[in-house]
**Student:** 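Pasting a structure here, questions to come.
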Amino acid sequence: MKNEIIKIKNEILEALNGIKDEQVLAGIEKKYLGRKGSLTKILRQVADLSGDNRKIIGKFANDTKREIGEKLNELKKALDNSQASDSFIDVTLPGKKIETGRLNPVSIVQNELEDLFKSMGFIILDGPELESDYYNFEALNIPATHPARDMQDTFYVDIKNKKGEYDTVMRTHTSPVQVRAMQKYGAPLRCVVPGRVFRSEAIDACHEHTFDQMEGLMIDENISIANLIAVMKELLKGIFGQEVETRVRPGYFPFVEPGIELDIKCTICGGKGCPACKHSGWLELLPAGMVHPSVLKFGGIDSKIYTGFAFGLGLTRLAMMKYGIDDIRLFNSGDLRFLEQF
Ligand code: PHE
């Protein structure tokens, strides 16, 4: 038996010679010293021996086991150390840059405007992008037969609204939220509604099928066009950080009376004329007006007591003016070379 032990010991020592891999080492340990390992088996047989034989062989076997155990531990430590030095970290190397996302320029101006309007006591609302014909047109004083429907090239959708009463459209403006807000909150009311709108446009540098607007609505007793102009001026100052040159023209929208168009001098060409302003030097930025009494009625508000103003700010256009972006198609292009500049 002693010979057998010596044979196994030599076998182990040979296997351990020049070992470099922790897993191989663990394999050897299991093969010889594991529960079913060959050295373990022999050690068990020592118990069956008798008398002096048992003492002598027993001691020899235990010494061998200890010796091999020590050798294994030594090797484990050596391997551990060499691995630690392999994974040495050079703390002086420059780090890997973590890419961060950015806000689309439209979101930037939207956030700024939300802060500005919140400071003037307005609440921020949103509404559905797939809107019923009723809120998008009818409740805004644009019945089915009204020629004003043609003012906005509409994506009609082949689905009825929830009650099955109205056709649905991709909302052509944020104005449908006017009546929704009146019905929900009543008067007095101050709200802005940022959001995406959709039109079946022929696309060019200043027209997109999907763009952003921000609707504004203020209803109270004694609201006049003077309040409207004051809020608009405040808004433009907040966005551009300075007074910009504006002009006010009459404008027609069936849901306001009177209606106005506030234009700003094109900040891209300084008024000389460029593709972004259709070579006119001016940009329509803020259509607005006093809320039409029948729209108040649709919203359940008594027009004898309350008046209000509404405006529909072109958020996308505003971002173009603010940052001097000369092509509206860039916003939804997903082009990182564009987006990374903000
Ligand atoms: N909803 C109109 C549009 O998109 C703009 C508008 C809003 C005009 C509010 C007047 C009042 O063309």
Side-chain angles (χ1 to χ4, degrees), residues 106 110 113 117 122 125-129 131-143 146-155 169-182 189-201 206-219 223-225 227-232 235-236 246-264 278 282-296 298-299 301 303 306-320 328:
V106 171
Q110 179 185 326
L113 283 176
F117 278 104
F122 284 64
L125 298 179
D126 62 10
E129 292 181 346
E131 183 55 281
S132 71
D133 188 75
Y134 176 78
Y135 284 110
N136 196 82
F137 293 122
E138 249 165 83
L140 289 170
N141 224 7
I142 319 175
H146 200 289
R149 286 231 176 178
D150 297 339
M151 285 166 71
Q152 298 175 347
D153 304 293
T154 309
F155 288 118
V169 299
M170 293 309 289
R171 64 174 177 194
T172 55
H173 48 182
T174 42
S175 302
V177 189
Q178 285 187 26
V179 170
R180 284 183 178 275
M182 291 179 209
L189 178 63
R190 267 182 252 183
C191 64
V192 287
V193 187
R196 279 200 300 184
V197 302
F198 310 85
R199 291 192 195 171
S200 174
E201 297 270 9
C206 50
H207 294 93
E208 250 286 22
H209 51 68
T210 302
F211 56 100
D212 283 72
Q213 288 188 334
M214 182 182 267
E215 194 78 8
L217 179 66
M218 179 168 184
I219 298 172
I223 296 292
S224 76
I225 209 148
N227 300 103
L228 168 61
I229 304 274
V231 169
M232 284 182 158
L235 185 164
L236 292 172
T246 56
R247 70 177 187 190
V248 175
R249 300 176 284 129
Y252 173 68
F253 303 94
F255 38 95
V256 286
E257 180 59 37
I260 62 166
E261 291 268 10
L262 186 132
D263 301 342
I264 65 165
K278 288 191 236 160
W282 293 92
L283 266 155
E284 282 175 29
L285 188 68
L286 257 173
M290 300 305 293
V291 180
H292 196 288
S294 34
V295 175
L296 289 172
F298 275 114
I301 289 174
S303 61
Y306 293 103
T307 49
F309 68 76
F311 60 82
L313 174 70
L315 270 188
T316 306
R317 193 158 282 176
L318 190 63
M320 290 174 83
I328 194 171

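Read the numbers this way: they start at 1 and go in the same order the structure lists the ligands and their atoms.
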**Student:** Return yes if some donor-acceptor pair links the side-chain N/O of R196 with the main-chain N/O of T210 below 3.5 Å, else return no.
**Tutor:**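 No: the side chain of R196 does not pair with the backbone of T210.
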**Student:** Is it true that G259 lies under 4.0 Å from ligand 1, counting heavy atoms only?
**Tutor:** no
**Student:** Enumerate the atoms of ligand 1 whose separation from the nearest heavy atom of A288 is less than 4.0 angstrom.
**Tutor:**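 So the answer, numbered in order with elements, is 10 (C), 11 (C).
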**Student:** Against heavy atoms of R199, which atoms of ligand 1 measure under 4.0 Å?
**Tutor:** 3 (C), 4 (O), 12 (O)
**Student:** Is the side chain of N136 donor-acceptor paired with the backbone N or O of T172 at a distance under 3.5 Å, no angle test?
**Tutor:**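 Yes; judged by distance alone, with no hydrogens or angles, the pair exists.
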**Student:** If the test is side chain to side chain contact (heavy atoms under 4.5 Å, CB included), which one of L189, V193, V177 qualifies with L217?
**Tutor:** L189
**Student:** For ligand 1, which atoms sit closer than 4.0 Å to a heavy atom of Q213?
**Tutor:**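 Answer, ordered by atom number: 3 (C), 4 (O).
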**Student:** To the nearest 0.1 Å, how far is atom 6 (C) of ligand 1 from its closest protein heavy atom, and which atom is that?
**Tutor:** F255 CE1, 3.8 Å
**Student:** Go through ligand 1 atom by atom and flag the ones less than 4.0 Å from a non-hydrogen atom of Q152.
**Tutor:** 3 (C), 4 (O), 12 (O)
**Student:** State whether the shortest distance between N or O atoms of Q178 and N or O atoms of ligand 1 falls below 3.5 angstrom.
**Tutor:**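 No.
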**Student:** Does the side chain of F311 come within less than 4.5 Å of I260's, by heavy atoms?
**Tutor:**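 Answer no - side chains too far apart.
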**Student:** Determine yes or no for a side-chain-to-main-chain donor-acceptor pair under 3.5 angstrom, with R317 supplying the side chain and E284 the backbone.
**Tutor:** yes
**Student:** For S175, which of Q213, R180, E131, E215 qualifies under side-chain hydrogen bond (donor to acceptor under 3.5 Å, both in side chains)?
**Tutor:** E215
**Student:** With distance as the sole test, does N141 use its side chain to make a donor-acceptor pair with the main-chain N or O of P254 at under 3.5 Å?
**Tutor:** yes
**Student:** Return yes if some donor-acceptor pair links the side-chain N/O of H173 with the main-chain N/O of V197 below 3.5 Å, else return no.
**Tutor:** no
**Student:** Can you tell me if M290 has a non-hydrogen atom under 4.0 Å from ligand 1?
**Tutor:**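 Contact check M290 vs ligand 1: negative.
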**Student:** Should you measure from each heavy atom of S175, which atoms of ligand 1 turn up under 4.0 Å away?
**Tutor:**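 Going through ligand 1 atom by atom, the ones under 4.0 Å from S175 are 1 (N), 7 (C).
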**Student:** Under 4.0 Å, counting heavy atoms only: does E215 come that close to any atom of ligand 1?
**Tutor:** yes
**Student:** Who's the nearest protein heavy-atom neighbour of atom 7 (C) of ligand 1, and how far?
**Tutor:** G312 N, 3.4 Å
**Student:** Return the closest protein heavy atom for atom 5 (C) of ligand 1 as residue, atom name and distance.
**Tutor:**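 Looking at atom 5 (C) of ligand 1, the protein heavy atom closest to it is P287 CG, 3.6 Å.
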